[in-house]
Amino acid sequence: MTRVFTLLGKRWSGLVVAVLSHQPAYFSELRRAIPGISERMLSDRLTELTEAGLVLRRVDEGPPLRVRYELTEAGRGLRPALDELRNWAATHLPESTPHC
């Protein structure tokens, strides 16, 4: 559990994985889907998740050159856990809970 929360417990990491669990996305799409995250922080989290083997970075030849991100098989394996966390939050966390 320590290894999981060391990676996914970092601010924004879980949200990045959650957004990508629906479909691959370009950097700008991820930025829009996660309000409040800076470009630098998104870039850092994507790098960490890629190095951990959860996210795959694909370069689409241009012009313009675009980078698309998608979950690897290991990343997709987190979907059931994310769904359970989403269900738990809907039941046990009030809507007014401040974002961490």
Side-chain angles (χ1 to χ4, degrees):
M1 288 300 287
T2 301
R3 290 182 296 151
V4 170
F5 282 102
T6 297
L7 178 63
L8 295 180
K10 289 185 178 179
R11 188 168 188 192
W12 308 113
S13 294
L15 285 174
V16 171
V17 172
V19 169
L20 291 174
S21 72
H22 298 290
Q23 64 186 20
Y26 293 104
F27 187 90
S28 60
E29 294 170 334
L30 286 168
R31 180 94 158 66
R32 282 192 301 273
I34 306 171
I37 192 169
S38 69
E39 286 186 18
R40 174 67 183 184
M41 184 61 67
L42 179 55
S43 178
D44 289 349
R45 292 302 176 251
L46 286 167
T47 298
E48 291 170 358
L49 293 167
T50 299
E51 289 173 355
L54 299 178
V55 171
L56 182 63
R57 181 181 186 270
R58 292 190 188 268
V59 177
D60 293 347
E61 297 301 323
L65 186 86
R66 295 181 74 189
V67 179
R68 184 172 38 127
Y69 297 91
E70 62 185 80
L71 294 181
T72 62
E73 184 177 340
R76 289 188 302 273
L78 289 169
R79 284 180 186 158
L82 292 173
D83 289 342
E84 286 299 318
L85 286 171
R86 192 175 293 115
N87 293 336
W88 179 87
T91 302
H92 299 287
L93 294 179
E95 287 293 323
S96 62
T97 300
H99 298 292
C100 298

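One-based numbering along the sequence shown.
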Where [X] and [Y] come nearest, the two heavy atoms and their spacing:
X: A33; Y: P35; answer: O-CD, 3.3 Å
X: A25; Y: L20; answer: N-CD2, 3.8 Å
X: A74; Y: G53; answer: CB-O, 3.8 Å

Would you mind reporting whether [Y] and [X] have side-chain heavy atoms less than 4.5 Å apart?
X: L15; Y: I37; value: no
X: L46; Y: F27; value: yes
X: V55; Y: T72; value: no

Practice item. Mind checking the CG-CD spacing from L8 to E48? Nearest 0.5 Å is all I need. Key: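 The CG atom of L8 sits 10.5 Å away from the CD atom of E48.
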Exercise for review: Measure the CG-CG distance between L71 and L49 for me, rounded to the nearest 0.5 Å.
Suggested key: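 These two atoms lie 9.0 Å from each other.
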Check your understanding: So, are D83 and R79 salt-bridged, with charged N and O less than 4.0 Å apart?
Key ->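 Answer for the salt bridge query: no.
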Review point. Are D60 and R68 close enough for a salt bridge, meaning some N to O gap below 4.0 Å?
Key: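 Looking at D60 and R68, the cut-off is met.
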With hydrophobic residues grouped by side-chain heavy-atom distances under 4.5 Å, do [X] and [Y] end up in a single group?
X: L54; Y: L56; result: no
X: L82; Y: W88; result: no
X: Y26; Y: M41; result: no

Spell out, as yes or no, whether a donor-acceptor pair under 3.5 Å connects the side chain of [X] to the backbone of [Y].
X: R45; Y: V17; value: no
X: S21; Y: A18; value: yes
X: T6; Y: T2; value: yes

Check your understanding: Other than M1, which residues form its hydrophobic cluster under the rule that side-chain heavy atoms must be closer than 4.5 Å?
Key ->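 Hydrophobic cluster check, M1: joined to F5.
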